[in-house]
Amino acid sequence: MAVSAGIRVDVITIFPDLFGPFLDAAMVGIAAEKGAIEVAVHDLRAWTRDRHRTVDDAPYGGGPGMVMKPEPLVEAVEAVAGAKQPERRARVVLLSPQGRRLDQRALEDLAQTEHLVLVCGRYEGVDQRAIELAVDEEVSIGDYVLSGGEVPAMVLIEGIARLLPGVLGNPASAETDSFREGLLEGPQYTRPAIFRDREVPEVLRSGDHAAVDRWRAEQARKRTQQRRPDLDSGARGGQER
Ligand code: 9D3
């Protein structure tokens, strides 16, 4: 799939320091060096005006925890993305447990964007008016509880970076990623041929490429069947029927 030549990502967070080493690391670092992705991280507290740089407050109606205040959040998004109305080019994504669950297809869609703004939720949530005024969509990375949107934002960035042209060593490998087909891969081995009395399957060392292909397809089918029994990927790869 064709993906935009370069993507700009702005992250809004109260923990900007969490992103430093991550953005320098392997895949994302290479993507940035090649100019495929440009990431800027912004401290939400820069848009506070009180002495204590307050970004949260107690929820109306009571209840546990705190809620992210609307003023700093909306002003931060407007500063990096522009106002939602009447028009803006950036796509503003709030990482939140209520969001649409991320999958490979959603990553491919996000990777098409020219300018992505990732807003990291924290505390129990975000004032609903800030979501309405400043956010285009909400994304979750899965149904389990984290402490905020920072790690999910990194998941998005890494997933997007490796889809950008010229980022992977092998430009075709992102396209043939097995997850796109809903398939998993079989077991993988490297040297030595025997490790602590455990041998690499004979067929992989046989030099018979057709036999290797058949074996791998069968192993992959078994794993996919284990993980996704509904997918019905038969010996024909799960496309027909
Ligand atoms: C008890 C109700 N919880 C909502 C389902 C409260 C709550 C849990 C976790 C409120 C905020 C959070 C912080 N998590 C995120 O901001 C978050 C998240 C996650 O927890 N899991 C998966 N994806 C994401 S994206 C952002």
Spacing of [X] atom [atom1] and [Y] atom [atom2] [to the nearest 0.5 Å]:
| X | Y | atom1 | atom2 | result |
| --- | --- | --- | --- | --- |
| Thr13 | Leu44 | OG1 | CG | 8.0 Å |
| Cys120 | Leu156 | SG | CG | 9.5 Å |
| Leu107 | Glu158 | CG | CD | 10.5 Å |
| Ile7 | His115 | CD1 | NE2 | 9.0 Å |
| Gln219 | Gln188 | CD | CD | 11.5 Å |
| Gln226 | Arg221 | CD | CZ | 10.5 Å |

Exercise. Looking at residues at least two apart in the chain, or sitting in another chain, which of them share a salt bridge (Lys or Arg N to Asp or Glu O under 4.0 Å) with Glu38?
Worked result: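 Salt bridge (Lys or Arg N to Asp or Glu O under 4.0 Å) check on Glu38 returns Arg8.
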Is a side-chain N or O of [X] found less than 3.5 angstrom from the main chain of [Y], in a donor-acceptor match?
| X | Y | value |
| --- | --- | --- |
| Arg45 | Arg53 | yes |
| Arg122 | Met68 | no |
| Ser140 | Gln98 | no |

Quick one, [X] and [Y] - any side-chain contact, counting heavy atoms below 4.5 Å?
| X | Y | value |
| --- | --- | --- |
| Val9 | Ile160 | no |
| Tyr123 | Val55 | yes |
| Ile157 | Val11 | yes |
| Leu110 | Leu102 | yes |
| Val41 | Leu23 | yes |
| Met154 | Leu18 | yes |
| Arg223 | Pro187 | yes |

Shared ILVMFWY cluster between [X] and [Y], side chains joined below 4.5 angstrom?
| X | Y | value |
| --- | --- | --- |
| Val119 | Val74 | no |
| Val67 | Ile12 | no |
| Val155 | Val39 | yes |

For residues 130-139, which side-chain donor-acceptor pairs fall under 3.5 Å, sequence neighbours excluded?
from   : atom 1 : to    : atom 2 : distance (Å)
Asp136 : OD1    : Arg88 : NH2    : 3.2
Asp136 : OD2    : Arg88 : NH2    : 3.1
Asp136 : OD2    : Val92 : N      : 2.8
Glu137 : OE1    : Arg91 : NH2    : 3.2
Glu137 : OE2    : Arg91 : NE     : 2.6
Glu138 : OE1    : Ser96 : OG     : 2.7

Exercise. With a cutoff of under 4.5 Å between side-chain heavy atoms, which Ile, Leu, Val, Met, Phe, Trp and Tyr residues group with Val200?
Worked result: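 The other cluster members (ILVMFWY side chains, heavy atoms under 4.5 Å, direct or chained) are Tyr189, Val203, Leu204, Val212, Trp215.
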For this session: Can you establish whether the number of heavy atoms outside Glu202 located under 6.0 Å from its atom CD is more than 12?
Result: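 Enclosed: over 12 neighbouring heavy atoms sit under 6.0 Å from CD of Glu202.
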Exercise. Would you find more than 12 non-hydrogen atoms of other residues, nucleotides or ligands less than 6.0 Å from Glu87 atom CD?
Worked result: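 Counting other residues, nucleotides and ligands, CD of Glu87 stays at 12 neighbours or fewer.
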Which atom names give the shortest non-hydrogen contact between [X] and [Y], and what distance separates them?
| X | Y | result |
| --- | --- | --- |
| Ile37 | Ala161 | CD1-CB, 4.4 Å |
| Pro152 | Ile141 | CB-CG2, 3.7 Å |
| Asp43 | Ile14 | OD1-CA, 4.2 Å |
| Pro72 | Thr54 | CG-O, 3.9 Å |
| Pro70 | Arg129 | CG-NH2, 4.1 Å |
| Ala90 | Val117 | CB-CG2, 4.1 Å |

